[in-house]
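Notes to accompany the following structure.
Lettering follows sequence order; numbering is per chain, from 1. For the numbers below, each heavy atom of this structure counts, side chains included, while hydrogens, waters and symmetry mates do not.
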Number of protein chains: 2
Amino acid sequence: MSVPTIKDVAKLAGVSISTVSRVMNESKPVSPESRRKVLDAIKKLDFKPNELARSLVMRKSNMIGVIVKDIGISYMAQIVRGIEEIGRMYNYDILLSSTYGDIEAEHKIIEFMCTKQVEGIIMISEKINPETLFKLKSKNIPFVRLDKFYEYTDEHTVSIDYKSTCNKMTNYLVDEGHNSIVFISEDVTSRIGREKLAGFNEGVATRKVKSALINAKDITVQTGYDMGEEIFKLIKENNSTVVFASEDSLAIGFISYCYDNGLKVPQDISVAGFGDDLIASIYRPALTTIEEPYYDMGAISMRKLIKELRNEEKLKDVTILPSRIVERGSVATFTKKNK
Amino acid sequence: MSVPTIKDVAKLAGVSISTVSRVMNESKPVSPESRRKVLDAIKKLDFKPNELARSLVMRKSNMIGVIVKDIGISYMAQIVRGIEEIGRMYNYDILLSSTYGDIEAEHKIIEFMCTKQVEGIIMISEKINPETLFKLKSKNIPFVRLDKFYEYTDEHTVSIDYKSTCNKMTNYLVDEGHNSIVFISEDVTSRIGREKLAGFNEGVATRKVKSALINAKDITVQTGYDMGEEIFKLIKENNSTVVFASEDSLAIGFISYCYDNGLKVPQDISVAGFGDDLIASIYRPALTTIEEPYYDMGAISMRKLIKELRNEEKLKDVTILPSRIVERGSVATFTKKNK
DNA sequence: CTGAAAGCGCTAACAC
DNA sequence: GTGTTAGCGCTTTCAG
């Protein structure tokens, strides 16, 4: 016989299917005897309820859709880890799909996930398309967005305080003895780009140190590398001793450029990043950077989503997580510190 | 009204639900007029069929379970990308779960995925537990394993020819003018470990160069680093000019050790890896290594699984994919080559 | 406490 | 061509 159903269990146990259901779900009292018989039958048949059928009748799929731009991007994978672990705790499975930035695909995925009756959706992307967002909202299915360029509006997200963190890093660099800093900023038309820049500027202003700015067109390692020459120029012009990149990838790209062009990090120039990518600790020199708690971002998003689904709690619009500076080898110290 | 069902469509179109079903699935001819009415109603209501219900009655979930050890491991994420893209082509969704090596969790996940009626399972792990495998087989649900330590038996997998590839790399190194090679091998009790070593030995034997061997207890970057001192000793004893690590992570760890201990790669010592991890091209010096086609491994596994599900083709036991040497900066050239 | 019966949303014979 | 009906495997009234 193929896979057993509740009927088979009922027959073997000599009770009705309702009784079987009741012992399985402990939804209603069942006499000890029936209970035992049912349990025996379940064990004997190695019966496992068909979750599809349960989902259908209970209108509850226990599935969350996770839409990422690309699961191969390491920080996204870290977020997914968090989502997944919390999911398992609450018995939620995740349906994963990647968009590769294709907006057509994005829409299809959302449709499809809805037909699969996912109970909620988490979107992880660098930038989420407004149309997609609109679509998502129209479905009125709970969702959380994890989006680097998120402008606070009325959706739910989990983030860190980019501004104060960049301020902190700037202060740290000055504390280490750096008096002229080059800042590589990312897309300043985005909230995060602006916040990071603002934090840096604030730090520079309060500490009264010199600064120079350069914009990255995107946040790939390649771009960090390609900007090398320009950055070198800025360093020379400003007598800078450190480059603070608003993304680790940019910092790594730049360090690679230094490597290829005979500048030693941190002996000749210090470099700090932002994000604590997987690679930041492996690279040599290991990158001094700001830890973005990706795993936690995923975990908290998931927890929020689940609470919302259980009506235990309304999703708060924005959750701000702490972040910290991770000191590694890429920043030289010019001051004697007594820690 | 909440989400519309097939009934609502039927009512609005003034036909029976069968007719609606028929036009949706094009399963049977329908008069042009009914068809139009149905299509109109569907559009008007923005009706989308409940896939859960369809799955239940058709006994076909269109879901594949993907069990990874940890989606945060970059090569695993690469494999998942391949799986996912092919999946979408064939309208398969993926249900993702990570085990973190916990065998308890592994079993639960398999159970759970089966109750969710996944049609097949792909397991991605460095080492798959025999018990898990047994469980999986007992479910008799099609599955593919992507396992570094896989010993060919009777399951289905996709792999590359580790032996000949290592042989090729060894020859390449000799061609570049290296006459004494240190090989960092991984767990030689595993098939892959053995094959890699065999390939290396073969190359060394045919080219009649000197060689030294050292075993890695695992394949983490840290281990590569920790072995640094021992490797240094081997290099000195054998006058070696190159270290060939059987995993990129080991190579990277070792290069980091060199960096921290004043040996320059490739000026003082060359290093080659295996795998072409994401980091291999980003690291400086960029790592000369062997490209393992992770994406393709995922894609092909998925395609095989789907073919099997469609009964178009039996899963071949083992599929061997091509791989190639990626020349980058970590290996010095001592010979003049006219390419 | 327990069983019969209705029904979740859909597909697939089976009649007409 | 089309509607009726019987399920898919399960939960949940509703009687008893």
Length of the [atom1]-[atom2] vector between [X] and [N], whole Å:
{"X": "A/L52", "N": "D/dC8", "atom1": "CG", "atom2": "C1'", "answer": "10 Å"}
{"X": "A/R36", "N": "C/dC1", "atom1": "CZ", "atom2": "P", "answer": "16 Å"}
{"X": "B/M58", "N": "C/dG9", "atom1": "CE", "atom2": "C1'", "answer": "13 Å"}
{"X": "B/N62", "N": "C/dC10", "atom1": "CG", "atom2": "P", "answer": "16 Å"}
{"X": "B/I6", "N": "C/dA12", "atom1": "CD1", "atom2": "C1'", "answer": "12 Å"}
{"X": "A/E26", "N": "D/dT11", "atom1": "CD", "atom2": "P", "answer": "13 Å"}
{"X": "B/N50", "N": "C/dG9", "atom1": "CG", "atom2": "C1'", "answer": "6 Å"}
{"X": "A/L56", "N": "D/dT12", "atom1": "CG", "atom2": "P", "answer": "13 Å"}

Looking at [X], does any N or O in its side chain come under 4.0 Å of the phosphate oxygens OP1/OP2 on [N]?
{"X": "B/R35", "N": "D/dG1", "answer": "no"}
{"X": "A/K60", "N": "D/dT11", "answer": "no"}
{"X": "A/N25", "N": "D/dT11", "answer": "yes"}
{"X": "B/R59", "N": "D/dC8", "answer": "no"}
{"X": "B/S34", "N": "D/dT2", "answer": "yes"}

So, for [X] and [Y], which heavy atoms are closest and what is the spacing to 0.1 Å?
{"X": "B/L309", "Y": "B/P142", "value": "CD2-CG, 3.7 Å"}
{"X": "B/M76", "Y": "B/S125", "value": "CE-CA, 3.9 Å"}
{"X": "A/I109", "Y": "A/S98", "value": "CD1-O, 3.5 Å"}
{"X": "B/I160", "Y": "B/P322", "value": "CG2-O, 4.4 Å"}
{"X": "A/I141", "Y": "A/E119", "value": "CG1-O, 3.6 Å"}

| message | What's the closest nucleotide to the side chain of B/S31 if the choices are C/dC8, C/dC10, D/dG1? | response |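 From the listed options, D/dG1 comes nearest.
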| said: Heavy atoms from C-beta onward define the side chain here; which of C/dT11, D/dG9, C/dT2 lies closest to that of A/V30? | reply: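 Nearest nucleotide to the side chain: C/dT2.
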| Is any side-chain heavy atom of A/N50 closer than 4.5 Å to a side-chain heavy atom of A/T5? |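 Side-chain contact under 4.5 Å: no.
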| query | Which residues in residues 9-24 of chain B have at least one heavy atom lying under 4.0 Å from any atom of DNA chain D? | reply |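 Only B/V15, B/S16, B/S18, B/T19, B/R22 qualify.
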Just to be sure I understand the rule, does [X] reach a base, reach only the sugar-phosphate, or reach nothing, if contact means heavy atoms closer than 4.0 Å?
{"X": "B/S55", "value": "nothing"}
{"X": "B/S27", "value": "nothing"}
{"X": "B/K28", "value": "base"}

| Applying the side-chain contact (heavy atoms from CB on, under 4.5 Å) test to B/V68, which of B/L146, B/I124, B/I122 qualifies? |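 By the side-chain contact (heavy atoms from CB on, under 4.5 Å) criterion, B/V68 pairs with just one of B/L146, B/I124, B/I122: B/I124.
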| request: From the options A/I110, A/I67, A/I121, select the one residue that forms a side-chain contact (heavy atoms from CB on, under 4.5 Å) with A/F143. | output: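 Result: among A/I110, A/I67, A/I121, A/I121 is the only option passing the side-chain contact (heavy atoms from CB on, under 4.5 Å) with A/F143.
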| said: Salt bridge check, A/R35 against A/E26: does any charged N sit closer than 4.0 Å to a carboxylate O? | reply: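 So A/E26 pairs with A/R35 through a salt bridge.
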| said: Less than 4.0 angstrom from a charged side-chain N to a carboxylate O is my criterion; do A/K304 and A/E308 meet it? | reply: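 Looking at A/K304 and A/E308, the cut-off is not met.
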| request: Quantify the bending of the helix from C/dC1-D/dG16 to C/dC16-D/dG1 as the angle between its end axes, each fitted on five pairs, to 10°. | output: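 Axis-to-axis angle, ends of the helix: 50°.
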| If you pin A/P29 and A/A53 to their nearest nucleotides in DNA chain C, which one's is more 5'? |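 By nearest-heavy-atom nucleotide position, the 5'-most residue is A/P29.
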